Protein chains: 2
Amino acid sequence: MNPLDATRALMDGLGSEANVCMKCGSRSIGLCAPLDVAALDDMSGESERHALEPRDAIFHQGDPARHIYTLTEGTARLTRVLPDGRQAVIGFRFAGDILGFTPDKEHAVGAEMLTKGTVCRLDRRRLEHLFRRYPVLERRFLDLCVKELAASQDHILALGRFSAEERVAGFIISLVEAQERRGRVGPVFDLPATRADIGEFLGLTLETVSRAISAFRKRGWIRLHGHSGIEITDRPALMGLGSGEGVHAA
Amino acid sequence: MNPLDATRALMDGLGSEANVCMKCGSRSIGLCAPLDVAALDDMSGESERHALEPRDAIFHQGDPARHIYTLTEGTARLTRVLPDGRQAVIGFRFAGDILGFTPDKEHAVGAEMLTKGTVCRLDRRRLEHLFRRYPVLERRFLDLCVKELAASQDHILALGRFSAEERVAGFIISLVEAQERRGRVGPVFDLPATRADIGEFLGLTLETVSRAISAFRKRGWIRLHGHSGIEITDRPALMGLGSGEGVHAA
DNA sequence: GTTTGTTCTTGATCTACCTCAATCCGCGGG
DNA sequence: CCCGCGGATTGAGGTAGATCAAGAACAAAC
């Protein structure tokens, strides 16, 4: 069921390699950022890397929450399904983000890859040991957690008070900023998700998302390159709309 | 401006009293829950208690975030205002909850009391020292943070996918559960907030909240006692609606 | 008990977004 | 090159909830 099980045999060798962590592209932004070389070496032995394809699940909603994951490459989607089948996208995650920490015994959300990528898997108990050995790691974890909480509050604000266009504009801006924080430059970037995914994230339908994007295009705020490529041509306009400046926007 | 400043003189004596923490009603549910007597004694010297009246601000959006607060008695509201004046209620907080932690230098949200109550104020830097002295405290803080993150995701789900009645039902249920976790029993409990506050929390107008509550009353799911008193007479019905069972609800 | 102000309720209308439906685009395979 | 299919776009009409407006219930002060 879980594709990680299927790929385990293939990847097991990698996990024990001495200095995988040293080569990790997310070393400078993820959980491990504050660790020194010795600690990273230690960490290599505790973690397993897994390569994943688009649409692969990292974990399912309801799975026992035995591991914590770091997304080291690629983009993932956090989803939650309701008893009656409705689905919501809780968030998107990028290289360096942590996935799967929960106070409960089971995952309340599911996580699936949107692109190819890799995750780094850590046993929850071993992480607790690591916390004891490297207090700076626990501090880092707490920081990331508080940051995520702040981001959640932004999203709550957007869902509760923003119009459709404001939400889409804010989403595009936050994506660009997330990419820039990870070193991506250049005017055109890729939407990692379909209109349907974006809609489920923003509490809108895919048609409404599409209409908002079309409106931005017609106003000359963005240019589209294929379905997923977006070039921002009027960033201030987009930012103004997406951050709640309301009708006073320039 | 900040009412804490105004009441400081009045309360300063209290803060230095040796064993305030021992008498603290929130000792068993708040941040300090895992601390032993010696640590609590230590903590007493680091924290200041403040009594607050309804509508008093604990801190304002934009204030420098120099302190962390524990709400020891009463109910508070977290709000956020947008550049154009729109306001959203990000959440409600009860005895034992922590307020005001943020990764930034300024508070991104404001916090105001809805009832009379008391808060316990801790300097952020001193808290870091305490973390070093009592690692169990940092662990506790992390736990509370992760729990809050899970609650935020629930709220995101509700705002994005729930109908007005579902949101109001879910809100009432979550309130009751929060009260019960704090020892409150009995069939009738008080809504801590006005219809307007509830609406701003749920992304609805006060009229829509009122209509939902009226609908529940007409269905015999609740009885009202004055404006804020609610007695739940059909809890399964409310829970079914409020947890996303959709049209299949019994 | 009356007054006064606040909060809540209920009704009528309006609108942003949803829903349903048709067409279009872009990309990979034959 | 053309086909086929999963997305994306665009249009037309419906609806949940917003908005505007009038009263009613409640609470606190006198």
Side-chain angles (χ1 to χ4, degrees), chain A residues 53-55 77 85-89 114-116 158-169 171-172 188 190-219 222-231 241 246-247, chain B residues 53-55 77 85-89 114-116 158-172 188 190-219 222-230 241 246-247:
Chain A
E53 293 299 312
R55 307 197 160 269
R77 175 182 82 164
R86 275 177 294 181
Q87 193 179 52
V89 172
L114 293 171
T115 65
K116 273 172 70 86
L159 288 176
R161 296 263 83 103
F162 279 20
S163 70
E165 282 196 4
E166 287 172 323
R167 286 182 226 180
V168 176
F171 174 71
I172 293 174
V188 47
D190 269 314
L191 280 184
T194 65
R195 305 288 188 268
D197 279 330
I198 299 171
E200 293 204 338
F201 177 61
L202 298 176
L204 302 168
T205 60
L206 67 95
E207 293 94 331
T208 302
V209 174
S210 179
R211 277 184 245 268
I213 291 176
S214 295
F216 298 158
R217 182 172 47 72
K218 283 169 191 160
R219 280 173 220 158
I222 58 173
R223 294 188 59 200
L224 299 181
H225 299 263
H227 278 155
S228 75
I230 286 199
E231 179 185 351
L241 187 61
V247 288
Chain B
E53 293 299 312
R55 307 198 159 266
R77 176 182 81 164
R86 278 177 292 181
Q87 193 179 53
V89 173
L114 293 171
T115 64
K116 272 172 69 86
L159 288 176
R161 295 265 85 106
F162 279 20
S163 69
E165 283 196 3
E166 287 172 323
R167 287 182 224 180
V168 176
F171 175 71
I172 293 173
V188 47
D190 269 313
L191 280 184
T194 65
R195 305 286 189 268
D197 279 330
I198 298 171
E200 293 203 338
F201 178 60
L202 298 176
L204 302 168
T205 60
L206 67 94
E207 293 94 330
T208 302
V209 173
S210 178
R211 279 184 244 269
I213 291 176
S214 294
F216 298 159
R217 182 172 45 72
K218 284 170 188 160
R219 280 173 220 158
I222 58 174
R223 294 188 60 201
L224 298 181
H225 300 263
H227 278 155
S228 74
I230 286 201
L241 187 62
V247 287

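Letters A, B, ... mirror the listed sequences (proteins, then strands); counts begin at 1. All values reported here derive from a predicted model rather than from experimental measurement.
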Name the nucleic acid region contacted by B/Thr205, choosing base, sugar-phosphate or nothing; use a 4.0 angstrom heavy-atom cut-off, strictly under.
base
For the pair made of CG in A/Leu206 and C1' in C/dT19, what is the distance, rounded to whole Å?
11 Å
Report the distance from atom CD1 of A/Ile198 to atom C1' of D/dA8, rounded to the nearest whole Å.
11 Å
Side chains of A/Ile222 and A/Ile213: does their closest heavy-atom pair fall under 4.5 Å?
yes
Grab the CD1-P distance between A/Ile230 and D/dT9 for me, whole Å please.
9 Å
For A/Glu166, is there an ion pair with B/Arg86 - N to carboxylate O distance below 4.0 angstrom?
yes
May I have the distance from B/Glu53 (atom CD) to D/dA28 (atom C1'), rounded to whole angstrom?
15 Å
Walking DNA chain C from its 5' end, the first of B/Arg161 and A/Gly226 to be reached, judged by nearest nucleotide, is B/Arg161
With respect to the side chain of A/Arg211, which nucleotide from D/dA12, D/dG17, D/dA8 is positioned closest?
D/dA12
So, is A/Ser214 close to the D/dT10 phosphate, meaning a side-chain N or O under 4.0 Å from OP1 or OP2?
yes
Does A/Arg219 CZ have over 12 foreign heavy atoms under 6.0 Å away?
yes
Greater than 12 external heavy atoms within 6.0 Å of B/Arg55's CZ:
no
Hey, does A/Gly229 reach any base, or is it just sugar-phosphate, or nothing, if we go heavy atoms under 4.0 Å?
nothing
If you take all heavy atoms of B/Asp197 and B/Val89, which pair is closest and at what distance?
O-CG2, 3.8 Å
Picking from D/dG17, C/dT9, C/dT10, the nucleotide nearest the side-chain atoms of B/Arg195 would be C/dT9
Counting only side-chain heavy atoms from C-beta out, which of D/dG17, D/dT9, C/dT10 sits nearest to B/Arg217?
C/dT10
Remember a base hit wins even if backbone is also touched, and classify A/Gly199 as base, sugar-phosphate or nothing at under 4.0 Å, heavy atoms.
nothing
When the distance from CD1 of B/Ile213 to P of C/dT9 is rounded to whole Å, what number comes out?
6 Å
Counting side-chain heavy atoms from C-beta on, which of D/dT10, C/dT7, C/dT10 comes nearest to B/Thr194?
C/dT7
With respect to the phosphate group of C/dC18, does any side-chain polar atom (N or O) of A/Thr208 fall under 4.0 Å of OP1 or OP2?
yes
Does A/Leu204 reach a base, just sugar-phosphate, or nothing at all? Heavy atoms under 4.0 Å.
sugar-phosphate
Just to be sure I understand the rule, does A/Arg55 reach a base, reach only the sugar-phosphate, or reach nothing, if contact means heavy atoms closer than 4.0 Å?
sugar-phosphate
Rounded distance (Å) that lies between atom P of D/dC20 and atom CD of B/Glu207
10 Å
Side chain of B/His227 - closest among D/dT10, D/dA8, D/dA25
D/dA25
Measure CG/B/Asp197 against P/C/dT7 and give the value in whole Å, please.
9 Å
Test item: A/Arg167 and A/Phe201 side chains (from C-beta on) under 4.5 Å apart, heavy atoms:
no
May I have the distance from B/Leu224 (atom CG) to C/dT9 (atom P), rounded to whole angstrom?
6 Å
For A/Ala193 and for B/Phe162, find the nucleotide of DNA chain D with the closest heavy atom, then tell me which residue's nucleotide is more 5'.
A/Ala193
